[in-house]
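This report refers to the structure that appears directly beneath it.
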Amino acid sequence: MSVVQKIKEATAKGINHLYGVSLLPNEVLVNATKPEFEGDYTVVLFAFIKQLKKSPDTLGQELGDFLVSSFPDYFVSYNLIKGFLNLVITDGYWLEFVATNYHNDDFGQTPANGQRVMVEYSSPNTNKPLHLGHLRNNFLGRSIAEILRINGNEVIKTCIVNDRGIHICKSMIAWQLFGNGTTPESTHTKGDHFVGNFYVQFNDEYKKQIEALKAKGIPEEIAEKEAPIMKATQQMLLDWESGNPEIMHLWRTMNSWVYEGFDTTYKRIGSDFDKTYYESNTYLLGKDLVEKGLEKGVFYQKEDGSVWIDLTADGLDEKLVRRKDGTSVYITQDIGLAEQKQKEFNAGQSIYVVGDEQNYHFKVLKLICLKLGLPSADGIYHLSYGMVELPSGKMKSREGTVVDADDLVTEMVNIARQKTEELGKVKDFTEEELLQLYDIIGLGALKFFLLRVDPKKKMVFNPEESIDFHGFTGPFIQYTHARIKSILRKSLTQLPPLENLSPNSLLLPLEKTLSIHLEMFPSVLQDAAIEHDPSKVAIYVFNLAKTFNSFYTEHSISNAETDEKKILRLQLAQITAKVIKTGMGVLGIQVPERM
RNA sequence: GGACCGGUAGCUCAGCUGGAUAGAGCAGCUGCCUUCUAAGCAGCAGGUCAUUGGUUCGAAUCCAAUCCGGUUCACCA
């Protein structure tokens with residue numbers, strides 16, 4: 001149990017014991033004590049004074065006395081300032097914590113809880129390469145999966161590939177028209193970029209044709225529909241749906257190029273999936289559910305034959321679930337896929353990592369699933385994240401302001417190389433070790449940058465300034481880890497095995513501050529899981545690294561004042577390194593032994 | 001127009017189940033490498049928490065209104 005939890009329970013017990021009032025531990029507000037006051041944790045008393053009819057001073061004194069005398073293993077003393085009861089935790093508690101965890105490789109890992117969770121993320125289109133927005137999505141998805149896993153859940157990572165539809169046909173048409181039989185191989189181009197280029201060409205040509213028609217006096221709206229290349233694309237979609245062998249062949253070939261490219265990128269950024277769904281397999285799902293919904297009266301049919309659900313009572317609108325021609329719409333296949341996932345994996349929770357522009361869609365999806373009585377409905381959770389914008393505003397593919405994922409990763413790794421060479425600390429590394437280090441640092445900087453802010457909020461990526469390796473960044477934390485490892489390499493060889501410290505040693509302020517930070521790691525992980533928010537972990541690990549660096553500068557570890565101190569500090573350093581490694585690991589970021 | 005989200009230091013962001021004098025990083029300015037890695041540390045400076053009211057012992061945090069920005073409300077996906 002964490003100290004904070006202990007304080008809450010002890011306080012509830014104390015109030016019950018002293019005044020006969022029963023209180024839930026979680027009704028007690030416990031904060032870290034502000035640095036300018038004496039104490040480690042603070043109980044805020046204001047909430048109770050009215051109910052207990054006590055002055056803050058009396059209540060604080062009576063409660064403080066009770067806590068110190070009843071839980072001497074936890075509390076040495078207290079002081080009262082206005083309604084704040086500042087508690088000083090015993091050094092023994094922190095020493096015990098350090099002694100039991102410095103060799104615990106699983107510190108932070110919660111035992112399996114029997115829950116199964118699905119996390120769907122990435123959902124790329126197979127007509128263009130991944131960009132910065134996809135990176136945020138991938139890093140978030142991967143990270144939330146790891147956070148749930150470390151909290152004891154069994155996690156299944158899934159991906160839905162949007163591999164069919166009119167947008168896919170656009171790049172296919174363009175290849176037919178302009179490709180001249182070229183392939184990624186013949187042009188030495190990464191497959192997803194190769195296909196993406198044709199998607200761009202489609203749009204260029206389409207624009208030209210519209211202009212040409214407009215020049216003939218045809219209104220824009222009509223021109224958009226009548227442009228020959230668009231008509232050809234629509235015909236191709238029909239051919240695809242009817243299974244035309246030539247089109248199917250082209251479709252498979254071009255998609256395989258894209259997958260090859262995606263695989264390279266995914267491998268590089270560390271995304272992987274336990275199960276990949278393809279829209280070409282799932283787009284017909286959900287049709288039977290429309291029938292069931294009609295029978296149940298959840299849906300209704302209009303005169304033209306189209307099927308709808310009325311969500312106005314829930315504050316939403318009416319929503320179409322089947323067109324009048326009998327074909328299903330986007331949301332219908334999502335309902336079908338939700339059911340399919342349920343049948344296949346029976347997970348209690350199903351998380352969708354999807355941009356906030358689809359908030360409405362997921363609200364509707366969950367509501368419909370609930371009304372249909374799908375057993376999985378309650379577990380649907382939309383992990384909605386904000387768009388990544390540039391200083392100039394939103395990224396727009398039409399204006400060529402999209403930041404390509406592969407380019408960005410390459411650039412980050414190059415900068416990592418450049419900085420590393422400037423510092424010249426790892427000149428003895430082999431070429432292979434160097435390349436690995438550049439990857440770790442470059443990707444670490446990028447991932448940390450995208451994960452350190454609240455997922456819900458949109459964020460600005462400034463290519464000039466965002467690529468920083470100092471301060472609140474991944475490399476700063478990686479550097480802290482490398483420093484610790486350096487000490488441990490040197491000191492552990494010449495030291496007897498670490499032993500438990502006598503509990504009467506006194507902790508210096510920075511030793512204690514570090515202990516306090518380390519001790520809260522499990523509750524941070526828990527909080528991150530509950531909130532579905534990796535940034536909580538990022539912020540925590542940064543603060544931990546900062547705390548360690550202050551400690552490191554102030555106190556020598558290998559030349560500590562006494563052997564006891566040396567052992568204690570080595571233990572602290574060791575836990576810190578482990579927590580950094582685990583915490584960063586949960587963010588999908590590796591930490592180097594040296595840098 | 002309806003619904004939802006956001007507005008905190010020059011910039012990027014924490015803090016938001018109400019609690020002590022609102023915190024980081026970057027940028028700017030001062031110091032600190034003959035001692036465990038200076039990708040570091042210590043410090044200075046920087047704020048009408050969009051605005052106005054309300055709720056109360058106490059509001060960046062809750063409520064209302066207003067202003068500004070965004071997303072969404074397709075027989076698109």
Side-chain angles (χ1 to χ4, degrees), chain A residues 26-27 29 31 33-34 36-37 42 44-47 49-50 56 81-84 86 123 125 162 164-167 279 283 302 304-308 315-325 327-331 333-334 355-361 363-364 384 386-387 389 391 394 416 419-420 422-423 425-426 441 445 449 452-454 456-462 465-466 468-480 482-491 535-536 538-539 542-543 545-546 548-560 569-570 573 594-595:
Chain A
N26 281 335
E27 290 176 85
L29 179 62
N31 291 336
T33 304
K34 299 241 167 197
E36 55 267 39
F37 303 104
T42 297
V44 183
L45 300 172
F46 297 104
I49 54 180
K50 209 176 261 177
I81 295 169
K82 293 196 263 173
F84 298 94
N86 300 322
S123 48
N125 293 337
N162 303 119
R164 50 139 253 128
I166 192 82
H167 52 298
E279 199 198 336
Y283 81 109
K302 287 194 176 172
D304 64 3
S306 58
V307 179
W308 297 73
L316 305 176
D317 307 279
E318 294 185 358
K319 184 83 189 171
L320 177 90
V321 294
R322 191 171 74 191
R323 297 186 184 100
K324 66 182 172 200
D325 64 7
T327 57
S328 49
V329 291
Y330 179 59
I331 195 144
Q333 63 168 294
D334 265 1
D356 61 7
E357 55 205 356
Q358 297 204 41
N359 284 354
Y360 180 78
H361 172 76
K363 228 184 232 180
V364 171
S384 159
M387 297 292 106
E389 297 180 2
K394 298 189 69 174
K419 302 249 179 196
T420 305
E422 276 170 22
L423 291 168
K425 294 180 181 180
V426 286
I441 296 172
F449 182 82
R452 68 180 199 179
V453 313
D454 186 340
K456 288 194 294 290
K457 297 196 174 171
K458 69 177 184 195
M459 62 184 297
V460 176
F461 181 87
N462 185 333
E465 294 169 15
S466 300
D468 199 341
F469 286 24
H470 301 272
F472 188 16
T473 67
F476 170 91
I477 297 161
Q478 292 171 323
Y479 173 70
T480 307
R483 260 179 158 183
I484 296 173
K485 284 306 204 169
S486 169
I487 298 170
L488 295 178
R489 270 194 306 273
K490 287 172 187 161
S491 302
S535 75
K536 300 251 192 265
I539 292 165
F542 169 65
N543 283 323
K546 227 170 27 147
F548 181 85
N549 283 330
S550 299
F551 162 77
Y552 173 95
T553 312
E554 193 68 26
H555 303 296
S556 175
I557 295 173
S558 48
N559 291 317
R569 288 177 191 169
L570 282 169
R594 290 178 56 194
M595 68 184 273

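Convention: sequence-line order gives letters A, B, ...; per-chain numbering from 1.
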Legend entry - Pairwise 5' ranking along RNA chain B for A:Ala482 and A:Ser306, keeping only the more 5' one: A:Ala482
Legend entry - For atom CZ of A:Arg569 and atom C1' of B:rU35, their distance in whole Å: 14 Å
Inset, instruction - State which of B:rC75, B:rA77, B:rU37 makes the closest approach to the side chain of A:Trp308. - result: B:rC75
Polar atoms only, N or O, under 3.5 Å: list the protein pairs with nucleotides 63-65 of chain B and their distances.
none

Inset, instruction - Sugar-phosphate means primed atoms, P, OP1 and OP2; the rest is base. With that split, encode nucleotides 4-13 of chain B 5' to 3' as B, S or - using protein heavy atoms under 4.0 Å. - result: S--S---SSS
Legend entry - Distance test, side-chain N/O of A:Arg489 to OP1/OP2 of B:rU37, below 4.0 Å: no
Inset, instruction - Measure from the ring centre of A:Tyr552 to the centre of the six-membered ring in the base of B:rG40, then say whether that distance is under 5.5 Å and the planes meet at under 30°. - result: no
Legend entry - Rounded distance (Å) that lies between atom P of B:rU37 and atom CG of A:Asn549: 13 Å
Inset, instruction - Spell out yes or no: do the side chain of A:Ser558 and the base of B:rC36 have one donor N/O and one acceptor N/O closer than 3.5 Å? - result: yes
Legend entry - Donor-acceptor contact below 3.5 Å, side chain A:Ser491 vs main chain A:Ile487: yes
Legend entry - Polar side-chain contact A:Ser535-B:rA14 base: donor and acceptor under 3.5 Å: no
Inset, instruction - Quickly work out the A:His555 NE2 to B:rC41 C1' distance and round it to whole Å. - result: 13 Å
Inset, instruction - Would you mind telling me which residue lines up with the more 5' stretch of RNA chain B, A:Glu279 or A:Tyr479, judged by nearest nucleotide? - result: A:Tyr479
Inset, instruction - Tell me whether B:rC4 sits syn or anti, counting syn as a glycosidic angle within 90° of 0. - result: anti
Inset, instruction - Send over the distance from A:Gln478 CD to B:rU37 C1', rounded to a whole Å. - result: 15 Å
Inset, instruction - Take atom P in B:rG1 and the same atom in B:rC16, then report the distance between them in whole Å. - result: 33 Å
Legend entry - Paired and unpaired positions of RNA chain B as dot-bracket, Watson-Crick or G-U wobble under 3.5 Å, | denoting a partner strand: ((((((((.[[[[.)...(...]]]].(((((.......))))).....[[[[[..)....]]]]])))))))....
Inset, instruction - Just jot down the ring-ring contact (aromatic ring centres under 6.0 Å, His included) partners of A:Tyr552, sequence neighbours excluded, or say none. - result: none
Legend entry - Among B:rG25, B:rU37, B:rG40, the nucleotide that comes nearest once only the side chain of A:His470 is considered: B:rG40
Inset, instruction - Check whether the side chain of A:Asn86 and the base of B:rA20 form a donor-acceptor pair under 3.5 Å. - result: yes
Legend entry - Pi-cation contact, A:Phe542 with A:Arg452 (under 6.0 Å, within 45°): no
Inset, instruction - Assign a letter to each nucleotide of nucleotides 55-60 of chain B from its 5' end: B, base within under 4.0 Å of a protein heavy atom; S, sugar-phosphate only; -, no contact. - result: --S---
Inset, instruction - Side chain of A:Ile487 only, please: which of B:rU71, B:rG40, B:rC36 is the nearest? - result: B:rC36
Inset, instruction - Name all residues meeting the ring-ring contact (aromatic ring centres under 6.0 Å, His included) criterion together with A:Phe469; count only those two or more places apart in sequence or in a different chain, and write none if there are none. - result: none
Inset, instruction - Please measure how far the P atom in B:rC11 lies from the corresponding atom in B:rC49, and state the result in whole Å. - result: 16 Å
Inset, instruction - Kindly point out which of B:rC73, B:rA38, B:rG25 is positioned nearest to the side chain of A:Asp317? - result: B:rC73
Legend entry - Inter-nucleotide P distance (B:rC57, B:rG43), Å rounded: 39 Å
